[in-house]
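Remarks on the structure that follows.
Note on naming: letters A, B, ... go to the chains in the order of the sequence lines (proteins, then strands), and numbering restarts at 1 for each one. All values derive from a computational prediction rather than experimental measurement.
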Amino acid sequence: MYRHLESRLAQHIRDFLRRTYKLELERIVIEQPPNVQFGEYALPLAFELAKKLRKAPRKIAEEIVGGIGAVEGFENFEVAGAGYINARVNRAALALAVAKNEEPKTDVPSGKILVEHTSINPNKAAHIGHLRNAILGDTFVRLLQFAGRKVDVQNYIDNTGVQVADVVVGFQHLEKKSAADVERLASQPRFDYYCWDLYARASQWYEQNPENKKIRLRTLHEIEQGGNETAALAETISTAVLRRHLETMDRLDIEYDFLPRESEILHLHFWDAAFEKLKAAGVLYFENESKNKGCWVMRRAGTSKPLTAENAEINQNAENSVSEEDQKVIVRSNGTVGYVGKDIAYHMWKFGLLGKDFGYRRFFLYPNGHQCWISSVQGEPDHPHFGDVAEIYNVIDARQSEAQNAVIEALRGLGFNDAADHYTHFSYEMVALTPRCAAELGYELSEDERARPYIEVSGRKGFGVKADDLIDKLIASAKKEVDSRHAELDDSEREKIAKQIAIGALRYFMLKFTKQSVIAFDFKEALSFEGETGPYAQYAVVRATNIFRKGRMDATSFSAEGIDFKRFLMPAVEERPLQGRVNHVSSTDAVLKGPLLHEADELWELWLAASKTGFIVDQCIATTEPAYLAKHVFQLAQLFNTFYHRHPILAEADEQKKKFLLATAAVVRRELIRALQVMGIESPPAM
RNA sequence: GGGCGCGUAGCUCAAACGGAUAGAGCAUCAGAUUUCUAAUCUGAGGGUUGCAGGUUCAAUUCCUGCCGCGCCUACCA
């Protein structure tokens with residue numbers, strides 16, 4: 001509801017400016033006042049207009065307030081401070097709409113969106129860094145779906161790269177295992193853990209003897225080529241590890257629609273098709289000189305003006321002026337293509353610009369019946385259509401932004417500006433370990449490392465926290481708490497609740513940090529169920545649920561019919577302000593601090609927060625920042641807990657008031673459950 | 001060297017396009033439970049927003065320089 005009132009307000013302001021000053025503003029800035037008593041919206045636009053209109057801001061604000069007229073849903077407008085315009089909504093009307101769960105329809109673009117996330121090399125167990133990726137990606141998918149968008153979820157599988165080759169080398173040369181041996185191991189429960197260790201061992205083995213690296217290279221070539229024993233072994237390993245990753249992510253309610261694999265990009269010759277187009281457009285050129293002699297290169301992104309088909313010729317002529325540092329090698333001198341090249345081809349496919357398609361095969365059936373598909377050279381006849389989308393989001397960590405930019409530049413160079421404009425690198429920072437955490441894991445720290453704020457996880461060194469280990473730990477910890485609190489429940493019920501709490505804690509933890517912040521992982525914080533955590537919000541829901549259970553009522557169908565919202569949400573003139581909150585008013589700063597908070601204001605804060613879910617979701621999407629939703633959930637839960645503590649609802653003697661308080665609890669409960677759902681967090685029945 | 005990002009309370013983090021008093025959690029200390037279970041709540045202390053300039057009515061936010069830190073900068077993926 002909140003966002004609709006906001007856009008209505010913006011429209012009225014726009015009309016007024018046009019009518020009165022003949023002004024068109026690109027954007028009407030609307031803020032949220034620091035205190036609910038200032039109103040629900042604040043407009044600083046008089047400051048901005050002061051220069052243009054050569055008038056004092058306060059004067060302009062007064063003119064706007066005087067001339068804007070009535071706006072549906074709003075009570076009044078008033079000038080504050082040096083020229084703010086504060087808008088007050090009709091509290092009772094908004095509350096009624098929220099109580100009735102009314103959310104006016106908005107126009108939703110029809111185009112399909114593709115979100116790619118997770119994309120773990122299928123050669124070892126997933127770790128906490130991968131969890132951050134998958135949780136961010138999955139939450140973003142839920143945000144888009146909440147907003148009514150159609151979304152395909154893809155998880156790109158690099159099954160032919162060196163990382164898989166390393167594990168193949170480990171099995172073949174370090175462990176001397178036969179194909180049958182590996183098959184047997186691959187069917188073991190946590191095969192990915194086995195590979196985790198083997199991968200680290202193989203990496204060390206290369207350091208021992210330069211000859212060993214030649215074996216790696218040969219292995220890699222055999223895998224890329226396909227149709228041999230080594231490639232078959234790689235397929236066995238990568239498929240088994242991939243299944244493990246899907247299982248791990250399924251524990252967190254993260255699912256995928258399609259798994260495109262690099263092996264198909266190779267074998268279906270996606271690259272060949274892309275290569276021809278890139279050459280023709282002049283995006284790639286053959287280097288005859290210097291270090292990169294014999295390679296097909298492109299100009300490194302950001303070193304000069306974007307490439308376009310029109311100025312390709314200029315680039316050709318200017319190629320000598322491009323230093324080798326500014327070149328990105330796409331095709332090596334031995335004729336093989338690097339991963340950026342494959343990525344370009346893959347992204348042309350995403351936008352339906354390649355003229356080729358994958359084969360599709362059923363791969364993984366989720367317990368809920370959802371079918372996940374995988375790429376295949378020879379597909380099944382009946383399959384859904386993936387790719388050919390309007391917008392894409394790639395959830396890939398910040399370290400790869402240069403490669404992502406190269407792909408975008410290539411699309412532009414090919415003249416696909418529309419695609420490039422709808423290509424979003426959903427960039428986020430890594431999860432690292434605090435030195436203390438590293439020490440807890442038994443890792444020997446150097447002097448240098450101890451002094452750092454955090455230490456990067458390394459799959460090669462086998463250094464990191466495995467995703468399943470962390471989930472297990474969280475569940476065990478939650479189970480202990482549930483056991484001690486709910487002896488009356490069956491063990492299976494307690495187990496289920498423990499899982500919900502564990503996942504709530506984990507998902508919230510990964511979402512509460514903004515994307516560009518490096519998470520310095522620490523067990524103590526990640527395992528916390530108190531304060532700003534998922535379980536805190538889940539607990540608020542449980543509290544609300546308990547009120548209705550105890551009162552033998554249904555929270556989901558609680559009717560707000562006949563409630564006099566005005567009576568409870570508008571402070572009465574004679575009402576005394578609340579003690580204990582917000583309140584240290586001296587005579588000098590009384591104007592800044594505003595009047596004291598009344599009970600009605602405090603209740604209104606809660607209703608107002610409950611009306612903002614759709615508004616926050618929009619903001620999360622526009623900024624690709626799910627952390628705002630986490631903050632909103634926490635704020636709502638916090639306000640509810642204060643409310644819960646202040647009002648013993650079931651003991652309320654005034655029947656009218658009791659009904660209003662119940663409606664408050666029902667609405668907040670509904671919005672908390674809804675917002676948590678968007679974060680992929682379930683609300684347990686008891687805690 | 002170049003590119004990207006970061007520096008805010010003891011610690012971990014917030015602060016929508018520049019806006020009203022820089023906010024939370026943890027930790028510390030002092031309190032709250034005959035009640036809808038305290039995984040909760042109330043309160044206290046804790047800040048020259050790395051440093052120095054600049055732009056602006058207004059700067060944690062934008063610009064410049066410096067200091068410190070991280071990542072990227074392979075014919076690896």
For [X] and [Y], test the side chains for any donor-to-acceptor distance below 3.5 angstrom and give the result as yes or no.
X	Y	answer
Tyr41(A)	Glu6(A)	no
His347(A)	Asn394(A)	yes
Tyr206(A)	Asp166(A)	yes
Gln32(A)	Lys612(A)	yes

Can you tell me how far [atom1] in [N] sits from the matching atom in [M], rounded to whole Å?
N	M	atom1	value
G7(B)	A15(B)	C1'	16 Å
A39(B)	U33(B)	C1'	15 Å
C41(B)	G47(B)	P	25 Å
G54(B)	C11(B)	C1'	34 Å
U42(B)	A59(B)	C1'	35 Å
U34(B)	A30(B)	C1'	24 Å
G45(B)	C51(B)	C1'	28 Å
G2(B)	G65(B)	P	11 Å

Calculate the interatomic distance between [X] atom [atom1] and [N] atom [atom2]; express it in whole Å.
X	N	atom1	atom2	value
Gln635(A)	G25(B)	CD	P	11 Å
Arg332(A)	A74(B)	CZ	P	14 Å
Glu224(A)	A77(B)	CD	C1'	10 Å
Asn123(A)	A77(B)	CG	C1'	10 Å
Glu449(A)	G70(B)	CD	P	11 Å
Ile519(A)	C6(B)	CD1	C1'	15 Å
Glu532(A)	A15(B)	CD	C1'	13 Å
Phe521(A)	C13(B)	CZ	C1'	16 Å

**Asked** Sub-3.5 Å donor-acceptor pair from the side chain of Asn35(A) to the main-chain atoms of Gln37(A), do we have one?
**Response**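 Yes.
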**Asked** With respect to Phe77(A), which candidate in Leu9(A), Ile64(A), Ile13(A) satisfies the side-chain contact (heavy atoms from CB on, under 4.5 Å) definition?
**Response**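 By the side-chain contact (heavy atoms from CB on, under 4.5 Å) criterion, Phe77(A) pairs with just one of Leu9(A), Ile64(A), Ile13(A): Leu9(A).
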**Asked** Which comes earlier along RNA chain B counting from the 5' end, the contact point of Met430(A) or that of Leu43(A), where each point is its nearest nucleotide?
**Response**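 Nearest-nucleotide comparison on RNA chain B picks Leu43(A).
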**Item:** First of Ser401(A) and Asn121(A) reached from the 5' end of RNA chain B, by closest nucleotide
**Value:**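 It is Ser401(A) whose nearest nucleotide is closer to the 5' end.
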**Message:** Strictly below 4.0 Å, N to O, side chains only: are Glu602(A) and Arg646(A) in salt-bridge contact?
**Reply:**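 Salt bridge: yes.
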**Message:** Between Asp397(A) and Arg399(A), does any NZ, NE, NH1 or NH2 come within less than 4.0 Å of an OD or OE carboxylate oxygen?
**Reply:**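 Looking at Arg399(A) and Asp397(A), the cut-off is met.
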**Asked** Ignoring hydrogens and angles, does a donor from either the side chain of Glu31(A) or the base of A20(B) sit under 3.5 Å from an acceptor on the other?
**Response**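 Answer is no: no donor-acceptor pair is held.
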**Message:** Between the base of A77(B) and the side chain of Asp166(A), is one N or O donor paired with an acceptor at under 3.5 angstrom?
**Reply:**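 Not at all, since no donor on one side and acceptor on the other fall under 3.5 Å apart.
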**Message:** Using a 4.0 Å heavy-atom cut-off to protein, can you give one letter per nucleotide of nucleotides 34-41 of chain B, 5' to 3': B if the base is in contact, S if only the sugar-phosphate is, - if neither?
**Reply:** -BBBSBSS
How close do [X] and [Y] get, counting heavy atoms only, and between which atoms?
X	Y	result
Ala403(A)	Val340(A)	CB-CG2, 4.3 Å
Ala526(A)	Phe521(A)	CB-CE1, 3.5 Å
Arg3(A)	Asp618(A)	NH1-OD2, 2.8 Å
Ala61(A)	Ile85(A)	CB-CG1, 3.8 Å

Please determine, for the side chain of [X], which listed nucleotide ([options]) has the closest atom?
X	options	result
Lys51(A)	C57(B), C17(B), C72(B)	C57(B)
Ser517(A)	C26(B), C17(B), A14(B)	A14(B)
Arg452(A)	A77(B), G70(B), A20(B)	G70(B)

**Prompt:** Which ones in residues 623-634 of chain A lie close to RNA chain B, meaning a heavy atom under 4.0 Å from one of its atoms?
**Reply:**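 Output list: Tyr628(A), Lys631(A), Phe634(A).
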Test of understanding: with side-chain contact (heavy atoms from CB on, under 4.5 Å), list the residues that count as partners of [X], not counting sequence neighbours.
X	answer
Glu532(A)	Tyr508(A), Lys512(A), Lys631(A), Phe634(A)
Tyr539(A)	Arg543(A), Met687(A)
Ala637(A)	Tyr536(A), Ala537(A), Ala540(A), Leu672(A)
Pro453(A)	none

**Prompt:** Does the side-chain ring of Tyr454(A) sit on the six-membered ring of the G70(B) base, less than 5.5 Å centre to centre and under 30° in tilt?
**Reply:**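 No, the aromatic ring of Tyr454(A) does not stack with the base.
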**Asked** Partners of Lys55(A) by salt bridge (charged side-chain N to carboxylate O under 4.0 Å, His left out), sequence neighbours excluded?
**Response**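 Salt bridge (charged side-chain N to carboxylate O under 4.0 Å, His left out) check on Lys55(A) returns Glu63(A).
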**Request:** Could you tell me which residues satisfy salt bridge (charged side-chain N to carboxylate O under 4.0 Å, His left out) with Glu224(A), sequence neighbours excluded, listed by chain and number?
**Result:**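 With neighbours one apart ignored, the set is empty.
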Contact class for [X] (heavy atom, under 4.0 Å): base, sugar-phosphate, or nothing?
X	result
Lys293(A)	base
Asp618(A)	nothing
Gly294(A)	nothing
Ala42(A)	base

**Prompt:** Who pairs with Glu682(A) by side chain to side chain donor-acceptor pair (under 3.5 Å), at least two apart in sequence or on another chain?
**Reply:**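 Residues passing side chain to side chain donor-acceptor pair (under 3.5 Å) with Glu682(A): Gln500(A).
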Listed pairs, N/O of protein and of nucleotides 28-31 of chain B, under 3.5 Å:
none

N/O contacts under 3.5 Å, protein versus nucleotides 7-12 of chain B?
unit_1, atom_1, unit_2, atom_2, d
U12(B), O2', Glu525(A), OE1, 3.3

**Message:** Counting runs of three or more consecutive pairs, Watson-Crick or G-U wobble, with each distance below 3.5 Å, where are the stems of RNA chain B?
**Reply:**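 The stems that RNA chain B takes part in, listed by first number, are B:1-7 with B:67-73, B:10-13 with B:23-26, B:28-32 with B:40-44, B:50-54 with B:62-66.
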